[in-house]
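FYI, side chains are in, hydrogens and waters are out, and symmetry mates aren't considered; it's all heavy atoms of this structure. Just so it is clear: chains get the letters A, B, ... in the order the sequence lines come, proteins before strands, and each one is counted from 1.
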There are 4 protein chains.
Amino acid sequence: MSKTINKIAVLTSGGDAPGMNAAIRSVVRTCAYHKIECVGIYRGYQGMIEGDFKEMDARSVKGIINKGGTVLKSARSDEFRTPEGRKKAFNQLKKEQVDALVAIGGDGTFTGAMVFNSEYDFPVMGIPGTIDNDIYGTSHTLGYDTALNTVVEAIDKIRDTASSHNRLFFVEVMGRDVGHIALNTGVGAGAEEILIPEEDLGLDRLLESLRRSKQSGKSSSIVVVAEGDKIGKNVFELKDYVDENLAEYEVRVSVLGHMQRGGSPSCFDRVLASRMGVKAVESLLEGKSNFMVGLLNDTMALTPLENAIKGQSKINLELLRVSDIMTT
Amino acid sequence: MSKTINKIAVLTSGGDAPGMNAAIRSVVRTCAYHKIECVGIYRGYQGMIEGDFKEMDARSVKGIINKGGTVLKSARSDEFRTPEGRKKAFNQLKKEQVDALVAIGGDGTFTGAMVFNSEYDFPVMGIPGTIDNDIYGTSHTLGYDTALNTVVEAIDKIRDTASSHNRLFFVEVMGRDVGHIALNTGVGAGAEEILIPEEDLGLDRLLESLRRSKQSGKSSSIVVVAEGDKIGKNVFELKDYVDENLAEYEVRVSVLGHMQRGGSPSCFDRVLASRMGVKAVESLLEGKSNFMVGLLNDTMALTPLENAIKGQSKINLELLRVSDIMTT
Amino acid sequence: MSKTINKIAVLTSGGDAPGMNAAIRSVVRTCAYHKIECVGIYRGYQGMIEGDFKEMDARSVKGIINKGGTVLKSARSDEFRTPEGRKKAFNQLKKEQVDALVAIGGDGTFTGAMVFNSEYDFPVMGIPGTIDNDIYGTSHTLGYDTALNTVVEAIDKIRDTASSHNRLFFVEVMGRDVGHIALNTGVGAGAEEILIPEEDLGLDRLLESLRRSKQSGKSSSIVVVAEGDKIGKNVFELKDYVDENLAEYEVRVSVLGHMQRGGSPSCFDRVLASRMGVKAVESLLEGKSNFMVGLLNDTMALTPLENAIKGQSKINLELLRVSDIMTT
Amino acid sequence: MSKTINKIAVLTSGGDAPGMNAAIRSVVRTCAYHKIECVGIYRGYQGMIEGDFKEMDARSVKGIINKGGTVLKSARSDEFRTPEGRKKAFNQLKKEQVDALVAIGGDGTFTGAMVFNSEYDFPVMGIPGTIDNDIYGTSHTLGYDTALNTVVEAIDKIRDTASSHNRLFFVEVMGRDVGHIALNTGVGAGAEEILIPEEDLGLDRLLESLRRSKQSGKSSSIVVVAEGDKIGKNVFELKDYVDENLAEYEVRVSVLGHMQRGGSPSCFDRVLASRMGVKAVESLLEGKSNFMVGLLNDTMALTPLENAIKGQSKINLELLRVSDIMTT
């Protein structure tokens with residue numbers, strides 16, 4: 001593990017997120033600063049297997065800090081889940097004389113990196129990049145802050161039309177397993193109710209709440225629903241249910257969808273990505289491996305990849321209470 | 001028709017659109033400028049029937065020029081489609097001593113105004129407010145320009161994630177009968193194909209085009225689809241069809257939905273609304289009635305409501321060709 | 001003039017404007033569509049003199065339709081104003097076997113193109129790209145619509161703080177010779193006064209108007225000032241003058257500056273740029289030369305470069321009246 | 001201090017900041033939730049002296065969570081700095097039967113609250129609202145995150161034009177005493193240099209750095225300068241100095257100004273404001289007084305007002321190093 005590192009590879013894998021380009025830029029420039037080489041791997045682990053590499057220097061990441069998506073592209077790789085696939089990947093890295101890897105992505109990305117590390121004792125470092133903020137070991141994943149702003153701006157627009165027509169909108173936002181986006185944007189957009197995977201409000205309580213909201217004089221309502229809400233109904237089923245049981249409202253549905261993954265990163269995400277890239281490269285240079293870089297208490301911190309994967313990112317329960325208070 | 005006008009009422013009806021508030025502000029302030037009274041009617045024709053009125057002066061429209069939606073709210077009114085409903089409405093206007101009406105909305109709004117005018121010889125003037133731009137007699141309806149920007153910004157975000165993953169996206173935009181939004185945002189966002197109600201590309205040609213696009217090296221594609229596209233399949237059916245017949249792409253769908261109706265109006269829409277409000281009020285003061293105010297060749301123009309309703313807003317066929325050239 | 005055209009060069013010159021990249025893309029792709037070659041010239045006429053050329057095909061303009069600035073960069077060239085400079089430039093074009101030129105820019109750019117054409121009978125076509133909209137022969141120059149939105153968004157923000165503190169703001173916007181930006185953003189942002197090069201409001205009337213505005217209960221005010229306003233004082237001098245003569249207000253100044261030139265182009269500017277690029281290339285292929293492509297009555301039109309340069313872009317006087325009515 | 005609290009007043013004072021309205025909304029609704037009365041005070045301490053009060057209930061703060069500025073307006077009050085002024089203010093509060101005060105603002109606001117509390121044993125609670133983030137006891141002040149995004153978006157636009165023309169821009173951002181905004185937006189916008197009050201880079205090193213940057217092939221540069229930069233020259237003087245000593249660049253200046261204070265708050269600021277309002281009111285109800293609510297390690301925390309005023313908000317030195325690495 002304490003071999004000298006002369007060349008670092010960087011890849012993005014899993015769902016893309018705003019700030020991934022800023023993180024790539026940071027990894028590349030930190031390598032340049034420490035006068036070591038850097039190589040970009042296209043299309044995640046699949047590109048690693050196929051040797052889809054590109055030398056990168058400080059110039060080659062010019063003008064990408066504010067771009068959404070990932071210039072290295074991302075892809076799933078079933079092949080990397082097999083020992084044969086990983087062997088091919090290792091050989092490609094050897095051929096290219098790569099000494100260490102920075103993998104930007106989510107849970108699946110980190111699992112791949114960890115297995116690869118355990119098989120080949122190859123130095124790896126993870127950077128959490130996903131809008132869902134569902135990673136243990138960091139208060140914020142890359143892209144999460146940007147996605148929150150994208151979602152509240154969209155809901156602000158929907159609110160314009162909802163309040164012009166006295167309508168009830170179910171707005172579906174991303175979050176299959178955790179409700180971070182729904183909870184924060186629900187509070188931020190002043191939603192009347194927030195349905196998240198962590199808590200089962202129950203359909204009866206939802207109806208009751210909407211009924212009360214109407215009686216208190218509210219003419220329009222927004223309910224923010226995480227993809228994986230606990231009630232177990234998707235937004236269209238929720239609409240049907242309310243249509244049948246609550247005559248007071250004209251109900252509409254909006255699924256925000258993939259738009260949430262894109263866009264120019266917020267200042268927060270750009271700064272976070274810059275910090276994480278520096279920390280990832282310098283940790284590798286210090287001989288560390290198998291960690292994820294994270295933000296804890298506003299400070300860069302390392303968490304073993306294993307913990308990052310097994311641990312659970314918890315929502316802030318205080319926010320549920322804040323939401324209740326705001327809408328009572 | 002040449003009675004003196006001392007008080008004008010203004011309402012918004014039909015789907016809301018950015019710029020409606022700027023138009024209300026303009027109507028109110030133009031009345032103030034000419035030292036006549038102005039009254040706002042809430043919830044369109046239904047509020048007219050119910051006498052849901054509010055006196056408005058220059059101060060009461062402060063700070064709304066940049067707000068989406070409509071402060072006067074909008075609503076459908078089945079009752080106004082009956083002679084009894086319209087009689088009630090007329091009586092409310094008489095009681096309030098209203099001498100003329102400015103109605104902001106689309107086709108349905110104008111039909112209501114025209115029938116009302118024919119029955120009671122009541123001076124009416126229409127302002128076209130709808131994001132769809134589907135009104136004859138104006139090159140631009142209020143809200144259309146804003147919606148175009150909202151849509152291209154959303155597609156720019158989707159493009160980030162599409163190109164990171166080599167995906168094909170079907171993006172559904174508004175436009176049940178006309179393809180203005182799809183056509184312009186398709187060109188503006190650099191879409192590979194644009195499906196509109198006016199032209200049947202045909203599923204075979206669509207597949208062919210996507211196949212060629214892939215072969216030419218494009219890794220991701222956006223197809224913009226108007227709600228009322230001629231092929232007659234909705235975006236989800238299109239996805240299924242392409243999934244079955246075109247293995248090269250991973251296909252995703254995004255329905256932009258009601259977000260397109262909201263948001264702070266663009267400078268263009270604010271200026272247009274301000275001009276239209278002045279023109280509507282001053283035309284009424286000049287004794288004109290039963291017209292729609294419109295923008296023709298960058299100039300304010302009047303079109304008889306009847307023509308505005310019966311005429312057809314045509315898409316710019318030149319743009320279809322531009323789109324073809326851009327994506328070949 | 002009727003030689004066959006096999007290769008077209010494109011350059012941007014003068015101040016950059018949003019939409020220039022979309023226009024470059026359109027020129028390049030229209031060439032590809034017609035199966036002729038296209039070469040980009042860096043840094044305007046200076047790059048033409050120095051032979052700073054780059055072959056461009058459909059792929060090389062991928063992903064730039066929504067980018068501000070110009071990928072071909074822009075520069076002033078004193079050398080191109082000399083016969084020797086133009087001779088060098090002509091030789092470079094010959095060497096590169098370029099048959100025609102599309103020049104994107106403003107007055108200065110077109111003058112250069114026209115002189116070059118007259119000396120070497122070299123086919124040229126102009127595309128108006130400048131945020132100032134100060135070109136005769138087109139209702140809209142590229143970048144103008146985007147700049148209007150950038151400015152009203154900035155003034156909306158300034159309004160937030162102005163109205164929180166009961167302040168008067170002088171906001172300086174671009175426009176040395178024409179008041180298009182000031183006039184439209186002044187109306188769009190609901191400014192209390194608008195100072196433009198075309199009209200001398202006079203300092204006394206300005207004071208009077210501000211005094212009246214304050215008395216009518218307005219607590220804050222925005223005055224939009226074009227760089228070249230007729231009163232002949234810059235915003236800082238205006239502030240001092242009002243400070244001395246109008247105790248009622250706390251006065252602040254904001255100079256929006258170069259920010260106005262940047263940003264992702266609006267849908268309008270992207271579509272306009274796409275149309276103009278097609279028209280410019282196809283006009284050259286039809287044997288036309290020495291024209292500027294423009295938008296007149298929503299239609300692509302050609303204006304002789306000489307007229308475009310000598311003619312004067314006039315502001316819409318109706319808007320001055322609309323502004324007066326809105327703020328009375 | 002342990003009197004029962006039945007009515008709470010809320011005011012905003014000092015420079016306005018995005019999120020103030022969201023905080024007002026939260027204070028008002030938390031009062032409603034706990035079934036106590038709430039009164040808004042207009043124009044800060046001056047309005048308190050003059051009795052410019054308004055009863056507020058849950059409905060009266062509808063639709064303001066996403067609005068910039070402050071609906072309660074802000075103002076300086078020299079009178080409140082005198083014992084006589086504060087006596088008047090106290091009497092107004094007594095007359096209105098107000099039992100406690102939430103003051104939203106910065107250092108000056110908190111000093112006023114603390115003095116008032118010491119003289120009249122009146123329960124007060126502070127909420128840090130200022131874009132400068134210059135308050136001890138909270139990692140983020142209200143409005144700071146929004147201002148960061150406003151600034152990077154503006155610099156992104158300036159970058160478009162800078163890189164089109166190979167120019168050097170000095171961009172002045174807010175921050176008289178602390179460099180938070182300059183440092184974070186400098187990193188976020190990829191600035192070549194960042195000048196802040198906390199560190200004297202020195203003019204020679206600045207020139208050296210710019211020279212090196214140019215030699216390394218960078219064609220354009222952005223230098224972000226805090227108002228109170230240590231070098232002690234304002235941006236215009238810096239421009240002159242570089243003009244004289246560095247011929248390689250064409251230098252321009254942009255002062256972002258008051259625009260930075262406005263705009264719709266980011267999701268982060270809306271959520272933070274909502275949390276702070278709840279915490280402020282509930283702390284008062286628990287009998288606490290003379291504290292500022294803050295965010296420390298992502299958790300709501302109380303800091304004695306005295307410490308908040310005397311303590312110093314420190315910039316993150318790690319970021320200076322990150323910036324150096326990114327631009328080497």
When N149(A), T185(A), L296(A), V187(A) are compared by non-hydrogen pairs under 4.5 Å with chain D, the top option: N149(A)
V278(D) versus chain A, the contacting section by heavy-atom distance below 4.5 Å: side chain
Option that, when pairs with chain A are counted at under 4.5 Å, heavy atom only, ranks first among D269(D), V28(D), T30(D): T30(D)
Name of the residue among I155(A), D156(A), V152(A) meeting side-chain contact (heavy atoms from CB on, under 4.5 Å) with N66(D): D156(A)
Option that, when pairs with chain D are counted at under 4.5 Å, heavy atom only, ranks first among R159(A), E153(A), R25(A): R25(A)
Contacting region of L272(D) [heavy-atom separation from chain A under 4.5 Å]: neither
Side-chain heavy atoms of L148(A) within contact of F268(D), under 4.5 Å: no
Nearest non-hydrogen partners of G188(A) and C267(D), listed with the distance: CA-SG, 4.5 Å
Interatomic spacing from CG in D298(D) to CD in E318(A) - rounded to 0.5 Å: 10.5 Å
Interchain contact, N316(D) with chain A, by part (heavy-atom threshold 4.5 Å): side chain
Best-contacting candidate, V322(D), V271(D), T299(D), against chain A by heavy atom pairs under 4.5 angstrom: V271(D)
Which portion of K62(A) sits near chain D, non-hydrogen atoms under 4.5 angstrom: side chain
Nearest heavy-atom neighbours spanning R270(D) and A189(A): NH1-CA, 4.1 Å
Contact summary for R29(D) and M326(A), nearest pair of heavy atoms: CD-O, 2.9 Å
Heavy-atom proximity to chain A below 4.5 Å, by part of S264(D): side chain
Per-residue contact mode, D145(D) against chain A (heavy atom under 4.5 angstrom): side chain
I65(D) portion near chain A, given a 4.5 angstrom heavy-atom threshold: side chain
